[in-house]
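What follows is a single structure, written as structure tokens, with notes after it.
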Amino acid sequence: MFVDSHCHLDDEKLKGDLDNVVAEFKAAGVGIVIDIGCDANTSEIVKTQAENYDGVYFAAGIHPMDVKDAANSDLDRIKELAKHPKCVAVGEIGLDYYWDTTFKEKQKEFFVKQIDLAYNLNLPINIHIRDAMGDAVEILKANADKLKFGGVMHCYSGSAETAKELIKLGLYISFGGTLTFKNARKTQEVAKLVPIDRILTETDSPYLAPEPKRGTVNSPKNIPLVVKKLSELRGESPQEIETAVYNNTLKLFKKINV
Ligand code: NI
């Protein structure tokens with residue numbers, strides 16, 4: 001059974017056709033999908049989607065870009081949502097300095113607050129970091145005692161050195177469509193080095209469709225293409241990768257029951 005540990009089924013490009021999207025990924029052998037919230041409102045939507053479909057779980061959290069307009073009352077809503085039986089993680093949370101650096105301090109504050117929230121609810125975290133790896137590693141190390149329930153670096157694009165530090169902190173490394181891109185040599189090198197018991201797979205649908213579907217609307221049905229690329233890079237069979245990712249998923253996201 002394949003796993004998509006990070007997608008956005010609430011996106012306009014997918015939500016109108018959800019019965020079909022779900023039927024397609026199930027037909028492709030994808031049996032576990034984690035639908036990710038980016039603020040309190042989208043976390044409510046992914047909760048409802050998870051309630052409506054078997055095999056679909058969700059994460060509730062405030063994305064670093066959405067922190068800009070977020071208030072503490074939004075964190076209270078996330079906390080309530082996170083108690084839902086199908087909420088398997090707090091996320092996506094983290095730091096993103098790519099688009100806007102005017103509220104870095106607020107991003108850091110909400111990242112730490114949500115790490116805390118996850119810890120208090122015995123949940124792992126789903127981490128989004130873009131152009132902010134230095135600050136992110138610093139925060140994660142400073143909060144290492146709050147990472148007891150683990151976490152995953154979504155769509156990892158950092159260095160091999162940093163990946164090793166993150167693995168030491170108990171985190172998993174997730175690979176998606178970008179791994180298949182021609183210019184992804186650095187990420188491909190990382191994919192060769194990560195121990196097999198720390199790898200996860202994702203699509204980040206509807207974004208970042210893997211080759212040879214790059215540029216199309218991505219959906220969880222494309223997970224086998226990510227597994228195929230991991231297999232080529234690592235020299236393990238696709239079946240071996242599929243089984244390892246499945247086991248890793250159940251180990252990290254303890255609220256998933258299959
Ligand atoms: Ni995402």
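Under the 30°/60° scheme for interplanar angles, the aromatic rings of H154 and H6 are found to lie parallel.
No donor-acceptor pair closer than 3.5 Å links the side chain of E92 to the backbone N or O of G37. Here the side chain of T201 pairs no donor or acceptor atom with the backbone of D4 at under 3.5 angstrom. Using modelled atom types, no side-chain atom of Y53 and backbone atom of V22 make a donor-acceptor pair closer than 3.5 Å. With hydrogens and angles disregarded, no donor-acceptor distance shorter than 3.5 Å links the side chain of K13 to the backbone of P206. Side-chain atoms of D116 never come within 3.5 Å of backbone atoms of V112 as a donor-acceptor pair (strictly under, hydrogens ignored). Using modelled atom types, one side-chain atom of Q49 and one backbone atom of L9 make a donor-acceptor pair closer than 3.5 Å. Judged by distance alone, with hydrogens and angles left aside, the side-chain atoms of Y98 form no donor-acceptor pair with the main-chain N or O of T101 at under 3.5 Å. Listed for the K228 side chain is no donor-acceptor partner under 3.5 Å among the backbone atoms of P238.
A salt bridge is defined here as a Lys NZ or Arg NE, NH1 or NH2 lying under 4.0 Å from an Asp or Glu carboxylate O, and E189 with K192 meets this definition. K141 and E138 are not joined by a salt bridge, as no carboxylate oxygen comes within less than 4.0 angstrom of a charged side-chain nitrogen.
Judged by a 6.0 Å distance limit and a 45° cone about the ring axis, K106 is positioned over the six-membered ring of F110.
Note on F58: it does not cluster hydrophobically with V88, by side-chain heavy-atom contacts below 4.5 Å among ILVMFWY residues.
Among H63, H128, Q107, the one residue that satisfies the side-chain hydrogen bond (donor to acceptor under 3.5 Å, both in side chains) test with D96 is H128.
The other residues sharing a hydrophobic cluster with L208 are F181, Y207, where clustering joins ILVMFWY side chains under 4.5 Å apart. Hydrophobic side-chain contacts under 4.5 Å tie F149 into a cluster, directly or through other members, with Y119.
With 3.5 Å as the limit, one finds a donor-acceptor pair spanning the side chains of D39 and T42.
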